[in-house]
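Presented below is the structure to which this report refers.
Both counts, for ligands and for their atoms, begin at 1 and track the order of listing. Computed from a predicted structure; not experimentally measured.
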Amino acid sequence: MTIKGYDMDQYVIKGGNPLVGEVEIGGAKNAALAILAATLLTEETVQIENVPDVRDTQVMLEALSNIGASVNRIDAHTVRINTSTVNSVCLEEDFIKRIRASYYFVGALLGRFGQAVVALPGGCNIGSRPIDLHIKGFRAMGAVVRIDNGSVNANAGGRLKGGNIYLDKISVGATINIMMAASLASGTTVIENAAKEPHVVDVANFLNSMGANIKGAGTDVIRIIGVRKLHKTEYSIIPDQIEAGTYMVAAAATRGDVIVRNVIPKHLEAITSKLIEIGCEVQESGDAVRVVAAHQLMNTRVTTLAYPGFPTDMQPQMAVLLSLCEGTSTVTETIFENRFKYVDELTKMGADIKVEGNTAIIKGINGYKGAGLVAPDLRAGAALVIAGLAAEGFSTVSDIVYIERGYEDFEGKLANLGAVISKVDSEAEVQKFKLRVG
Ligand code: EPZ
């Protein structure tokens, strides 16, 4: 499978249309990336459904094939994997360095084979992105872990042993990585101050469906009793909380009326409550939420926190929306140290935002003016598209390769909601779009 997508690609948008209609949410990217790596923990065949067809999952599947696993795409969202043929514990190719989730291969390879050599993770530049807590966990289970020439080199000297780990910071990646490695360790592992995100619970459920013995996922203490072997399973990934939240905020920013289908409303509570606070109407049903935006929306304060707090991955999208609300709002980012790079791009559109430390002070404006924008990272890129949809006139968003890491058919789903948007790969195409839509 080749990873398509070219650096010249950009979105061109004619703003002003309220988003109206229904959108279907795909599988959770941040659950899928871990679950794909976790297929290494069994020699039997695993079938996974509701896998989002995005760049980062394509990279994970390619990495599994590269070390000898058999990977069969049944359809765009279903994959059957058998890792009994894996013939290497080394993953150092350049393409794997581009994504953050490569670190999951350390936990999975260490759990299955007792060793792993994996290039240090890349991912969105929203902060330093250390992996010291992952390493602390592997060492607590008896592994010797070194970082040499850009790779994590871990060796358990046989089978990992259960250990107790207190995570100094709540870390989604470290929680999941330790949980995966501990599933096949001898003895019991306890993770304290664990992350509680829905995708942490989904990975625990996936591992338990293969015969692991994990209790407490979704609370801050997770207990894993290691087993000798894990077996085959068929598993469907939960809906993506952040993809859903992105469309909810886009509906509000364009003063639209959108039904977001195939969601778990409980996972969206922090986002829903903020939308209601600013004056939106949010109706929840079994597996859908409907967002109806009043014309006049009011300011509020948002602070990002680990789940169930307001998700950091929704921070840029919320800031774009608050800029279009009456009064002065604040957005405080407590998880990452450099997640306001999009503010300069919004300033080009007429936003009035001042960043002081880890807080953005956002003065409401009447509306954005279209501009040429550059996506700084995955979620900020999606936020800039939302700004373009709400703006008066034309906008372009380049470096959309970031956005395609986490959003499947972003422009197609938005167009189905009435957005005037297209993906183009040249200035000539931009001009043609402008002539066509007038
Ligand atoms: C995961 O990143 C997600 N990525 C991120 O989503 C998400 O923003 C983040 O969790 C928080 O929810 C994936 O799941 C692939 P962390 P991760 O470990 O695991 C510090 C997206 O847009 N930390 O929970 O890297 C870290 O610097 C992406 O989909 C350490 O200090 O996040 C941060 O300040 C962006 N040492 C905080 O903890 C460590 O060993 C939380 O990071 C690990 C993390």
> What do you reckon, does T312 have a nitrogen or oxygen under 3.5 Å from a nitrogen or oxygen of ligand 1?
Replying inline: no

> Is there side-chain contact between L324 and R255, with at least one heavy-atom pair below 4.5 Å?
Replying inline: yes

>> Under 4.0 Å, heavy-atom basis, I'd like to know which part of V172 is in contact with ligand 1: side chain, backbone, both or neither.
In response: both

> Can you find a pair of side-chain heavy atoms, one from L373 and one from Y342, that are under 4.5 Å apart?
Replying inline: no

> Would you say R159 has more than 12 foreign heavy atoms packed within less than 6.0 Å of its CZ?
Replying inline: yes

> Under 4.5 Å between any side-chain heavy atoms of Q315 and R379, yes or no?
Replying inline: no

> If you measure every N/O of A174 against every N/O of ligand 1, is any gap under 3.5 Å?
Replying inline: no

> Which of the atoms in ligand 1, numbered in the order shown and given with their element, are less than 4.0 Å from a heavy-atom of R339?
Replying inline: 8 (O), 22 (O), 35 (C)

>> Tell me whether the count of non-hydrogen atoms from other residues, nucleotides or ligands lying under 6.0 Å of CZ in R139 goes above 12.
In response: yes

> To the nearest 0.1 Å, how far is atom 2 (O) of ligand 1 from its closest protein heavy atom, and which atom is that?
Replying inline: R129 NH2, 3.5 Å

> Under 4.0 Å from any heavy atom of L378, which atoms of ligand 1 are there?
Replying inline: 21 (C), 22 (O), 29 (O)

>> Looking only at protein heavy atoms, which one is nearest to atom 33 (C) of ligand 1, and what is the separation?
In response: I335 O, 3.4 Å

> Looking only at protein heavy atoms, which one is nearest to atom 6 (O) of ligand 1, and how far off is it?
Replying inline: D313 OD2, 2.9 Å

>> Can you confirm whether K274 sits close enough to I278 that some side-chain heavy atom of one is under 4.5 Å from a side-chain heavy atom of the other?
In response: no

> E333 and side chain to side chain donor-acceptor pair (under 3.5 Å): which partner among T312, N358, N338?
Replying inline: T312

> What protein heavy atom is closest to atom 18 (O) of ligand 1, reported as residue, atom name and distance in Å?
Replying inline: S171 OG, 2.7 Å

> Which of the numbered atoms in ligand 1 are below 4.0 angstrom from a heavy atom of K29?
Replying inline: 21 (C), 29 (O)

>> Looking at every non-hydrogen atom in both residues, tell me the closest pair between A143 and L160 and how far apart they are.
In response: CB-CD2, 3.9 Å

> Among the heavy atoms of I170, does any lie under 4.0 Å from an atom of ligand 1?
Replying inline: yes

> Do L346 and V320 come close enough that some side-chain heavy atom pair is under 4.5 Å?
Replying inline: yes

> To the nearest 0.1 Å, how far is atom 31 (O) of ligand 1 from its closest protein heavy atom, and which atom is that?
Replying inline: P130 CG, 3.4 Å

>> When you compare the side chain of S323 with that of I353, does any pair of heavy atoms fall below 4.5 Å?
In response: yes

> Side chain, backbone, both or neither: which part of H199 has a heavy atom under 4.0 Å from ligand 1?
Replying inline: neither

>> Does only the side chain of D132 get under 4.0 Å from ligand 1, or the backbone, or both, or neither? Count heavy atoms.
In response: both

> Of the backbone atoms (N, CA, C, O) and the side-chain heavy atoms from C-beta on, which set of Y402 has a member under 4.0 Å from an atom of ligand 1: side chain, backbone, both, or neither?
Replying inline: neither

>> Do V424 and Y11 make a side-chain contact, defined as non-hydrogen atoms from C-beta onward lying under 4.5 Å apart?
In response: no

>> Within the structure, is a non-hydrogen atom of Q315 found at a distance of less than 4.0 Å from ligand 1?
In response: no

> For atom 13 (C) of ligand 1, which candidate among I242, V203, N30, D240 provides the closest heavy atom?
Replying inline: N30

> What are the atoms of ligand 1, with element, lying closer than 4.0 Å to any heavy atom of I126?
Replying inline: 35 (C)

> Which bit of R379 gets closer than 4.0 Å to ligand 1, counting heavy atoms only: side chain, backbone, both or neither?
Replying inline: side chain

>> Using a 4.0 Å cut-off to any heavy atom of G173, which atoms of ligand 1 qualify?
In response: 18 (O), 19 (O)

>> Please list, in number order, the atoms of ligand 1 under 4.0 Å from a heavy atom of K169.
In response: 20 (C), 31 (O), 34 (O), 38 (O)

> Heavy atoms, side chains only, cut-off 4.5 Å: are L321 and M314 in contact?
Replying inline: no

>> Counting non-hydrogen protein atoms only, what is the nearest one to atom 26 (C) of ligand 1? Give residue, atom name and distance.
In response: F336 CE2, 4.2 Å

> What is the closest protein heavy atom to atom 17 (P) of ligand 1, and at what distance does it sit?
Replying inline: Y103 OH, 3.5 Å

> For the residue pair T303 and F310, what are the closest heavy atoms and their distance?
Replying inline: O-CB, 3.6 Å

>> Tell me whether ligand 1 is touched by Y307 - counting only heavy atoms on the residue side and a distance under 4.0 Å.
In response: no

>> So, applying side chain to side chain contact (heavy atoms under 4.5 Å, CB included) with Y247, which one of L417, I259, L19 is it?
In response: L417

> Which heavy-atom pair separates E197 from Y307 by the least distance, and what is that distance?
Replying inline: OE2-N, 3.0 Å

> What atoms of ligand 1 come closer than 4.0 angstrom to any heavy atom of H134?
Replying inline: 40 (O)

>> List ligand 1 atoms under 4.0 Å from I131, heavy atoms only on the residue side.
In response: 39 (C), 40 (O)

>> With a heavy-atom distance limit of 4.0 Å, tell me whether L133 approaches ligand 1 through its side chain, its backbone, both, or neither.
In response: both

>> What protein heavy atom lies closest to atom 25 (O) of ligand 1? Include the residue and the distance to one decimal.
In response: R100 NE, 2.6 Å

> Are any side-chain N or O atoms of S88 and backbone N or O atoms of I67, one a donor and one an acceptor, separated by less than 3.5 Å?
Replying inline: no

